[in-house]
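Note: hydrogens, waters and symmetry copies are ignored here, and every other heavy atom, side chains too, is used. Indexing begins at 1, ligand by ligand and atom by atom, following the structure's order.
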Amino acid sequence: MARLVDVRPVMAGSTSRGFINIDETRYAYVAIPTRLARRATRPLLAGVVVGKRAGVDWQPILARVLLAAGLAALLAALAAVLLARRLARPVQRVSAASSRVAKGDLQARVPVEGSDELADLARGFNHMAAALDEARRREGEFLSNVSHELRTPITAIRGYVEALEDGALQDATGRAEALRVIKTETERLERLVADVLDLARVGTHNFRLTLRDADVAQVLREAATAHRTEAKERDVAIDVSVAGPLPCRTDPDRVRQIVTNLVENAVRVTPAGGTIRLSGGATPGWVSIDVSDPGPGIAAEQVPHVFERSYLRNVGEAPAPAGLSAGSGLGLAIVRELVHALGGRIDVASEPGRGTTFRIALPA
Ligand SMILES: Nc1ncnc2c1ncn2[C@@H]1O[C@H](COP(=O)(O)OP(=O)(O)OP(=O)(O)O)[C@@H](O)[C@H]1O
Ligand SMILES: [Mg+2]
């Protein structure tokens, strides 16, 4: 290593570069020739030495950088593990709870912590589990109602059949009465079974709609005619008011089933001397049907539940209006399913003591 700046090139007029050692430290230098005057013939060395430590020892720096990088990587890994745990724990909880639900434990719930997406997930899961739990409770209630409803007529039929068999009913009137009860109870059973099947089919969408061009006004008149005799026996009138034909592309048999169910209920609740009114109208794209009765009405708190299967029969504090005991409590549930299947809407307006109106809107 040179100890002195090499000035020879400078004196010859060119720049000189190199390294020199000063106090054991290596410096790079550049020496540039300068002239005092433009015309001076010899350059004067103004040895501009740009000292810069050369040959830096990278090893200690490299070691420190590597150490820092290693530490940073370790910290990042630690943070990732902690974060992953924080994210995974709620998801694992939801996963464990869904396994419990899948095994039938519908009481399984997940604790909701924080207010992020994971809390939303937990809330959503709890909501779903609660809805399933409620559906199962209703299902069980429905099943026990149906079995109860099935057992009642069967017990009556069996009792009368046994009485007839044993010869306990000697007189003609007694036998006729027994046969009448057996007949009505059999009809009740038949209707109940048909209702349950209907509801199961409609609920699973396992039934067919046959859409065709129909006149809803005609359907209303036919439904009224079908119930006039029964209504007359109770001194109830059925009035149909439609201005003209109500053309509608729908399944008229299902519409008849809907109206029939509503009229049956209306006939049962209407007091003697009362009139049930069926009316129909059209608005662009829709056909509406109203079935009104002057019966006892439905209490406001029960109105939202009136389409639930057997709901009103379970409300202990609200006894069914006189004459309604013959039903199975499925009619309105079937009505709502059918209306929805036809793409329509159904509403009920009721004033306790003054009567009830069911209003249906079907897409024309
Ligand atoms: N027009 C009405 N006025 C007052 N209460 C009604 C009326 N329609 C229905 N309800 C009440 O709602 C209950 C349920 O009616 P829904 O038609 O579903 O069953 P149901 O008539 O008892 O039996 P089903 O129709 O299956 O033979 C009835 O038992 C009755 O208590
Ligand atoms: Mg009914």
Compute the minimum heavy-atom distance from [X] to ligand 1 and say whether it is under 4.0 Å.
X      : answer
Arg191 : yes
Gln302 : no
Gly297 : yes

Part of [X] within contact of ligand 1 (heavy atoms, under 4.0 Å):
X      : answer
Asp293 : side chain
Leu332 : both
Glu264 : neither

Look only at the side chain of [X] and the backbone of [Y], and say whether a donor-acceptor pair between them is shorter than 3.5 Å.
X      : Y      : result
Thr270 : Val267 : no
Thr275 : Ala237 : no
Asp215 : Leu246 : yes
Arg175 : Gln170 : yes

Quiz item: Mind checking whether Gly331 has an N or O less than 3.5 Å away from an N or O of ligand 1?
Solution: yes
Quiz item: Judging by distance only, is a nitrogen or oxygen of Phe358 under 3.5 angstrom from one on ligand 1?
Solution: no
Quiz item: Are Glu139 and Arg136 within salt-bridge range, i.e. N to O under 4.0 Å?
Solution: no
Exercise. Taking atom types as modelled, find out whether Gln302 and His305 have a side-chain donor-acceptor pair closer than 3.5 angstrom.
Key: no
Quiz item: Between Arg89 and Gln92, do the side chains contain an N or O donor and an N or O acceptor separated by less than 3.5 Å?
Solution: no
Quiz item: Is the distance from the Mg ion (ligand 2) to the nearest N/O/S atom of Asn265 under 2.8 Å?
Solution: yes
Exercise. Ignoring hydrogens, just give me the one of Thr356, Asn265, Thr357, Ile298 whose non-hydrogen atom is nearest atom 6 (C) of ligand 1.
Key: Ile298
